[in-house]
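The structure under discussion appears below in the form of structure tokens.
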Amino acid sequence: MFGGLCGVVFVTAVVAVLCLPYFGCNGQVVLEDLYDKPVVALKNTQFTFKASFSYDAGRVDYTNNTVIYYQLLRGGDVLVDVGNFSAIDRQFHALDIEKVFEVTETKAGYHTYTLEMDVHPSFDHPTSSSMKVHVIPGGLTLLPPLLTIIIVITTKHVLLSLFTGVYVACFLIYRYNPITAFCRTFDTIILDAFSDTGHVEVVMFTWFLSGMVACVLKTGGGEGLAKAFSKWATSPRAGSIVTVVLGLLIFFDGIANTLIVGQTVRPITDLLGISREKLAYLVDGTSSPVTSISPISTWVGFELSLIDNILTQLGPAAACYDDSAFIIFVKTIPGRFYPFLMICLQLYLIVTEREYGPMLKAERNARRNKSNNINIGGEEDEEYKQFEPDTDTPKRWWNAAVPVIVTTLVVIISLIVTGVDGARQAGVPLNGREIFGHSDSYAALLYGSVLGSLSIWILAVLQRVESTTGNVVWWSRKNKRYKPLMTLSKSLDTWIAGIKSLTFAVLILLLAWSVGIAFTLCGTATFISHSLSGSIAPGSYPAVTFLVSAFLAVVTGSSWGTMGIVFPLIIPAAHNAAPCNHEVFYGTIASVLAGAVFGDHCSPISDTTILSSIACRCNLTQHVKTQLPYALLAGIVGLLLGDLPTGFEAYPTWVGLLISIVTVLVIAHLLSAPIKGTKIDHVTTFVAWVSRAICNRSGRVNVAGQQEPYEEEDNMELVSNEDSPLSTKLVSEANSSNSLSEGDSNSKYITIGETEEMTM
């Protein structure tokens, strides 16, 4: 037995001696795992992955000079990278167990990479682990966004275009296999987008708030709120101000804003002589612009989710920015120049009673007729007609005010409560910045929308309608026989109908999130970031982004679809162009949102544009034509004096906003003319000059500068002065020609569009 024991000892000693060179001062490394590797890498573009490892440090103490050698092989024999690193983490003075490797691949294909590590440079006894990476040419990653844009331009179907973008991205990710790409589109990309907790909270908040808005409309709260303000509408100016104020108060949903304000104020504005075109402009101009910058709205959940996705995508690189999507959202509000400029422009034109372009003619016609029986070319949208209150439903303002106030208060309280809890857990001071920075904005919005829905349900049940007088009384034992304003069953049905009305919007949400995931995985954002790096000045990103967002919103008619496409493409590129530059990063985010609203206003296929014309009973073409000059003025000034200078840090954002507002008002004054009177504005004069020049070139022009032939209604001219009422007279073409040919110095006829207007 003793001999056997000696034999074991001898063998152990021999093994120890033989292995001593490999367990010397450097110990033995064991490579455990490779992770955070890309699904798709780009040819000639650097990508990274991480390796975790361990080693036996018990035999000999490590020193600061201890080195670990590595080499990365492709296909087992092609050397891609080689080097070494210290085994000691200098920051923590401990053994390093994780390493980030950077690789630049020059050959496309589906490659197997093997990482080998050893304590000796000869790699006699390496430890190794393998991974597979699909490497594609960077230019291919542009196919998903290009096809998305082409399809949306040609078909005008946002959902189809977004789905196509996701599918084509999956086609690249899953090695050009169409069947696998189709399956992964649904069971991986879309499913991952919908399984995210934050995304689910956004959808639930949007649903609850939409249901609440539907109940508010059905109980007559929207009309009641409008009628409560209508008593101040005693003149065209006052009526327009009331319309704008109502639009500002109904900040929580763009569609609700459009439907409530447009439908309820229209009879009042007709009596006051405000044109349907002007009403549609006021309604449209206070819907999306107000909702997009409101911290409590159906938009904010989607916007926060996009910002949060970008922070997640950037990873540790985003540590230099605010870690709360809500704080970033708030900080970008002053940089959204277009919504503020549009609202200020509206107020200025109302107060001064001036207009320019086609709107001036529409307003003068309305002042003369004070009746607008305009055919909008179709019946009212049945989807939204179902939310109109019954004819015998009393219209009470508190049925709109109470749910909105409850929602707002609950959201604010929830932000504070969750923020205090988060700040305490993070061990930071309890100040306003830290509290809101650590708040759970998704949960706060969800709580607010839930309790807002409950409040309108309770209000509807507690209010009883007397069968004889139709008055509203509060529930009691004496009047419990009266029917409620809306039964609980009907409230629930209306609430569900409100949710159904947002089916399209929720699908856009889902596919927009999916687009962000798919474009990131296939490397589109990475390729664009590297391509733009150095080719575009970092300070120009906000301006360029505004133009890109505006273009996409015009052709798609969807602000949300535009934001879903642009966010994952441009924001990472802006960060890479100017890392940790708050002016560029926050300004680019603001430009995405502002550009989407601007394009939405200019697009004839936008949902809010169409709904504004429907709610105001205004011809869609007339609405777009009369609103476009104002949108262009606000958009161009915001771009040139806001986005561009602030991106280059020429002055702070708030200074850019003030300069832009003053400039817009000055230009509007110079271009416009008073509604009262006969003076023609400079925009109309310029359009007439251009039209005359074009007609002269074609050889078909009359003395009035109008292309032949004339339509009979084109000869109707409005003649007015400030001391006498407006009147109409039919001026024949011959008379117009004679008066001009005789050189009448007191009058000049300029034919514009459908009518002739005379300047004195």
Side-chain angles (χ1 to χ4, degrees), residues 42 45 138 141-146 148-149 152 161-162 165 169 292 302-315 317-318 321 325 328-329 331-332 335-338 512-556 558-600 635 638-639 642-644 646-648:
L42 304 183
T45 302
T141 64
L142 293 179
L143 281 178
L146 286 178
T148 300
I149 295 171
V152 80
S161 63
L162 290 174
S292 66
F302 181 47
E303 293 172 327
L304 289 180
S305 69
L306 293 175
I307 297 173
D308 201 37
N309 286 347
I310 292 298
L311 296 178
T312 303
Q313 180 180 340
L314 294 179
Y321 307 116
I328 294 178
F329 171 86
K331 286 188 173 182
T332 61
R336 305 184 204 182
F337 300 103
Y338 176 77
W513 291 327
S514 303
V515 162
I517 294 173
F519 285 9
T520 300
L521 289 178
C522 78
T524 303
T526 302
F527 179 74
I528 292 178
S529 298
H530 283 81
S531 299
L532 294 179
S533 179
S535 60
I536 296 180
S540 64
Y541 267 89
V544 172
T545 302
F546 180 86
L547 293 175
V548 172
S549 296
F551 171 75
L552 288 178
V554 168
V555 299
T556 63
S558 171
S559 301
W560 286 25
T562 297
M563 290 185 285
I565 293 172
V566 176
F567 250 91
L569 296 179
I570 303 296
I571 306 302
H575 165 77
N576 292 331
C580 298
N581 187 316
H582 285 213
E583 291 295 332
V584 172
F585 187 74
Y586 291 175
T588 305
I589 292 177
S591 294
V592 174
L593 306 176
V597 176
F598 168 65
D600 182 82
L639 173 69
D643 295 318
L644 203 57
T646 57
F648 285 100

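Heavy-atom basis, side chains included; hydrogens, waters and symmetry copies ignored.
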(request) Indicate yes or no: at least one non-hydrogen side-chain atom of Tyr338 is less than 4.5 angstrom from one of Leu639. (result) no
(request) List for me each residue that meets side-chain contact (heavy atoms from CB on, under 4.5 Å) alongside Leu142, sequence neighbours excluded, and say none if there are none. (result) Leu146, Phe527, Ile528
(request) Hey, could you give me the CZ/SG distance between Phe585 and Cys580, rounded to the nearest 0.5 Å? (result) 9.5 Å
(request) Only counting residues at least two apart or in another chain, list the ones meeting side chain to side chain donor-acceptor pair (under 3.5 Å) with Asn581. (result) Glu649
Could you tabulate the donor-acceptor pairs under 3.5 Å formed by side-chain atoms of residues 590-599, not counting sequence neighbours?
from   : atom 1 : to     : atom 2 : distance (Å)
Ser591 : OG     : Pro542 : O      : 2.9
Ser591 : OG     : Gly587 : O      : 2.9
Ser591 : OG     : Asp643 : OD1    : 3.2

(request) Taking all heavy atoms of Ala169 and all of Ala518, pick out the closest pair and write down the distance. (result) CB-CB, 3.6 Å
(request) Quick one: list whatever passes side-chain contact (heavy atoms from CB on, under 4.5 Å) with Leu143, sequence neighbours left out. (result) Leu140, Val168
(request) Could you tell me which residues satisfy side-chain contact (heavy atoms from CB on, under 4.5 Å) with Leu521, sequence neighbours excluded, listed by chain and number? (result) Val39, Ile173, Ile189, Ile517
(request) Work out which heavy atom in Glu583 is nearest to a heavy atom in Thr646; give both atom names and the distance. (result) OE1-O, 3.8 Å
(request) Under the side-chain contact (heavy atoms from CB on, under 4.5 Å) rule, collect the residues that match up with Tyr586, sequence neighbours excluded. (result) Tyr321, Asp322, Ile328, Lys331, Thr332, His582
(message) Using 0.5 Å steps for rounding, measure from the CZ atom of Arg336 to the CD1 atom of Ile589.
(response) 9.0 Å
(message) Could you measure the distance from the CZ atom of Phe567 to the OG1 atom of Thr588? Nearest 0.5 Å is fine.
(response) 10.0 Å
(message) Quick check against the 3.5 Å criterion: does Asp308 have a side-chain atom that pairs as donor or acceptor with the backbone of Leu304?
(response) no
(request) Grab the two heavy atoms, one from Leu42 and one from Gly523, that are nearest each other, plus how far apart they are. (result) CD1-O, 3.6 Å
(request) Grab the two heavy atoms, one from Ile570 and one from Thr545, that are nearest each other, plus how far apart they are. (result) CG2-OG1, 3.1 Å
